[in-house]
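Contents: one structure, followed by commentary.
The chain is numbered in sequence order, starting from 1. A quick note: this is a predicted structure, and the numbers were derived from the prediction, not measured.
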Amino acid sequence: MPPPTATLSVPSSTSPSLFPLSSFSSSNNPHVSSFCPAPTTLPKFPSLFKPKTPLRNLTPLSAVSIEKETLISERPHTFLREADGGDDGSVRSRFQRMILEAQESVCAALEAIDGAGKFKEDAWTRPGGGGGISRVLQDGAVFEKAGVNISVVYGVMPPEAYRAAKAAADDQKPGPVPFFAAGISSVLHPKNPFAPTLHFNYRYFETDAPKDAPGAPRQWWFGGGTDLTPAYIFEEDVKHFHSIQKKACDKFDPSFYPRFKKWCDDYFYIKHRGERRGLGGIFFDDLNNYDQEMLLSFATECANSVVPAYIPIIEKRKDTPFNESQKAWQQLRRGRYVEFNLVYDRGTTFGLKTGGRIESILVSLPLSARWEYDHKPEEGSEEWKLLDACINPKEWI
């Protein structure tokens, strides 16, 4: 039996957004336009906007935020505003289509492999424009907690939020910045300690000129990535995962995988521990120095690679026998996951700085995690091998 330790229980959430860009602006800011859903449906996936059953358990949001989300009983035809062209074939429109389709395909794959758990869905809108769809599966047969959420939002963000949203620290804005942001974000926490946690997030930003800089050009960029966080190393699993990431990257530029793999290792570094959160994958941000159409296709390819990269690993590991000590190690590694998200993750920082609803910001956290005082795995053990790989990143392929 492992020694008694402190356990963190994180309240469950079917909150409006796993993507923490849901609360950029103040609802009393005069620069925030009203949300106006377009009357036409999206032609390629009309079934997405016809819920089989009414959305259930829609409760008022009690948390105080800069701009409160409003839960709605049915999904709108689109989250894009008519004033911006609606579903006109723009990058905004096609990125929205991509994340909706990705949410649908990932959730279907997860429900199929879980066998028992079903996603609960909430849809929401914002006074400033846009909204999102949250899907959370909890206490399934395979997954302890799985969130797959999308956001398509408008607003105005303060300078400190802009700095949290942008990776470039020297890119300063003197005043509130009008923005558009869309993204899909997901964290999947399996029950079995031999089955790895997965995180992925793909997003698209646009910012307009601040009020005090009329005529300045609109800026845009893509960001995101997919990374693996196991408690135990199965080398064939990690190689499979990284090979799928490399394959997606190589379709567009052979320099992408080595560059974005290193970026991922560097980004998910827990400085106060001197180790990475997991075994990496790919990560990129502020990406706008390539053709916009190419980057849209690249982000789409990456999102479509999530299922083939992850589901075969879960299929192999979900029923592996384990003991209490191995479960305790998984909980300790989840503690590292919590530490990174609360201390270093820019998305979490952004949500907190903009006064977002706390349940929305923290929905990616596991139901439980563990901390032991001065825990050190025995050198040469399987636990030690995982920790060593987190301290000293490896080239898996």
**Q.** Derivation of the ring-ring contact (aromatic ring centres under 6.0 Å, His included) call for F205 and F95
**A.** CA-CA 11 Å; F205 273 86; F95 196 88; over 10 Å; no
Q | Candidate pair I313 and V238, rule side-chain contact (heavy atoms from CB on, under 4.5 Å), full reasoning | A | CA-CA 9 Å; I313 298 174; V238 186; over 6 Å; no
Mind telling me whether [Y] and [X] have parallel, tilted or perpendicular rings, with 30° and 60° as the class edges?
X	Y	value
H242	Y257	perpendicular
F256	F298	tilted
Y232	F194	tilted
H199	F268	perpendicular
F284	F260	tilted

Looking at [Y], is its backbone amide N or carbonyl O close enough to the side chain of [X] to form a donor-acceptor pair, meaning the two atoms are under 3.5 Å apart?
X	Y	value
Q245	G280	no
Q292	W220	no
K327	K191	yes
D227	G278	no
D114	V142	yes
N192	K318	yes
E111	A108	no
H240	P308	yes
T125	G130	no
E379	W384	no

(Q) Counting C-beta onward and ignoring hydrogens, is there a side-chain heavy-atom pair between S151 and N149 closer than 4.5 Å? (A)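 Sidechains of N149 and S151: no contact.
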Q. Under 4.5 Å between any side-chain heavy atoms of W263 and I282, yes or no?
A. no
Can you tell whether the side chains of [X] and [Y] come within less than 4.0 Å, N to carboxylate O?
X	Y	result
E382	K385	yes
E104	R135	yes
R97	E101	no

Q: Start with the C-alpha gap between Y267 and Y344, add the side-chain angles, then the distance that decides, and say whether side-chain contact (heavy atoms from CB on, under 4.5 Å) holds.
A: CA-CA 9 Å; Y267 179 78; Y344 300 111; over 6 Å; no
Q: For the residue pair D253 and S255, confirm or rule out a side-chain donor-acceptor distance under 3.5 Å.
A: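 Side-chain D/A pair, D253 to S255: present.
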Q. Does the side chain of Y202 pick up a donor-acceptor pair with the side chain of T226 at under 3.5 Å?
A. yes
Q. Among pairs that include at least one residue of residues 333-342, which meet side chain to side chain donor-acceptor pair (under 3.5 Å), considering only residues two or more places apart or in two chains?
A.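 Pairs touching residues 333-342 that pass the test: E144-R334, H272-E339, R273-E339, E275-R333, E275-R336, R277-N341, E339-W371, N341-S364.
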Q: Treating Ile, Leu, Val, Met, Phe, Trp and Tyr as nodes and any side-chain heavy-atom pair under 4.5 angstrom as an edge, say whether F241 and I244 lie in one connected cluster.
A: no
